[in-house]
Amino acid sequence: MAASRALSLTAEAVRAVIPRRSGRLLTRWETTSSIPEAGEGQIRLTDSCVQRLLEITEGSEFLRLQVEGGGCSGFQYKFSLDTVINPDDRVFEQGGARVVVDSDSLAFVKGAQVDFSQELIRSSFQVLNNPQAQQGCSCGSSFSVKV
């Protein structure tokens with residue numbers, strides 16, 4: 001009982017920290033690619049990522065991965081919970097969990113892996129094995145791209 005309550009509290013804490021985008025789910029999300037083609041344009045999800053997303057998402061929610069300029073290495077990863085799939089988004093689904101990446105950000109993360117890491121001092125989603133990254137910072141939240 002205590003373990004399930006702690007899990008519920010943890011999911012609520014994550015919801016409080018991860019910002020949401022307002023809006024409704026587009027009814028035509030089925031037209032986007034929910035099963036990525038094989039190859040380097042694919043984003044893979046680790047088992048821990050899938051498990052955590054299933055714990056914290058409700059209904060039509062999914063994890064959005066974006067790449068923005070900034071951070072100590074030039075670009076940084078941004079994760080948020082969202083419910084709106086835009087026309088230029090690409091949907092990657094595994095085991096019922098979904099990660100959505102816009103076309104601009106996909107160019108910087110194609111072929112990468114999304115993981116959920118839980119440590120003593122922090123828990124976070126992170127991008128691993130990004131073939132588009134030349135180097136990254138020690139915390140793993142920013143990177144520089146290959147030229």
With rounding to the nearest 0.5 angstrom, report the [atom1] to [atom2] distance, [X] to [Y].
X      : Y      : atom1 : atom2 : answer
Asn130 : Tyr77  : CG    : OH    : 4.0 Å
Phe62  : Leu81  : CZ    : CG    : 9.0 Å
Asp82  : Gln66  : CG    : CD    : 8.0 Å
Ser80  : Phe125 : OG    : CZ    : 11.0 Å

(request) Kindly write out the residues that satisfy side chain to side chain contact (heavy atoms under 4.5 Å, CB included) with Ser124, not counting sequence neighbours, or none if the list is empty. (result)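 So Ser124 forms a side chain to side chain contact (heavy atoms under 4.5 Å, CB included) with Arg122, Gln126.
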
(request) Could you tell me which residues satisfy side chain to side chain contact (heavy atoms under 4.5 Å, CB included) with Glu68, sequence neighbours excluded, listed by chain and number? (result)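 Partners of Glu68 under the side chain to side chain contact (heavy atoms under 4.5 Å, CB included) test: Gln76, Lys78.
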
Residues forming a side chain to side chain donor-acceptor pair (under 3.5 Å) with [X], sequence neighbours excluded:
X      : answer
Asn129 : Gln113
Asp102 : Ser105
Ser48  : Thr46, Asp115
Gln94  : none

Backbone N/O of [Y] and side chain of [X]: donor-acceptor pair under 3.5 Å:
X     : Y      : result
Asn86 : Asp88  : no
Arg90 : Val100 : no
Arg52 : Gln118 : no
Asp89 : Ser103 : no

Least distance between heavy atoms, [X] atom then [Y] atom:
X      : Y      : answer
Ile43  : Val109 : CD1-O, 3.1 Å
Ala112 : Pro131 : N-CD, 3.8 Å
Arg98  : Leu53  : O-CD1, 4.0 Å

Contact between [X] and [Y] at the side-chain level, heavy atoms closer than 4.5 Å - yes or no?
X      : Y      : result
Val67  : Val127 : no
Gln42  : Lys110 : no
Val114 : Phe79  : yes

(message) Could you go through Thr57 and Leu63, starting from their C-alpha distance and side-chain angles, then the distance that decides it, and tell me whether this counts as side chain to side chain contact (heavy atoms under 4.5 Å, CB included)?
(response) CA-CA 8 Å; Thr57 56; Leu63 183 68; 6.0 Å; no

(request) Look at the side-chain heavy atoms of Ile, Leu, Val, Met, Phe, Trp and Tyr, link any pair under 4.5 Å apart, and say whether Leu45 and Leu128 land in one connected group. (result) no

(request) Take Phe116 and Val50, measure what side chain to side chain contact (heavy atoms under 4.5 Å, CB included) needs, and give me the verdict at the end. (result) CA-CA 8 Å; Phe116 179 76; Val50 170; over 6 Å; no

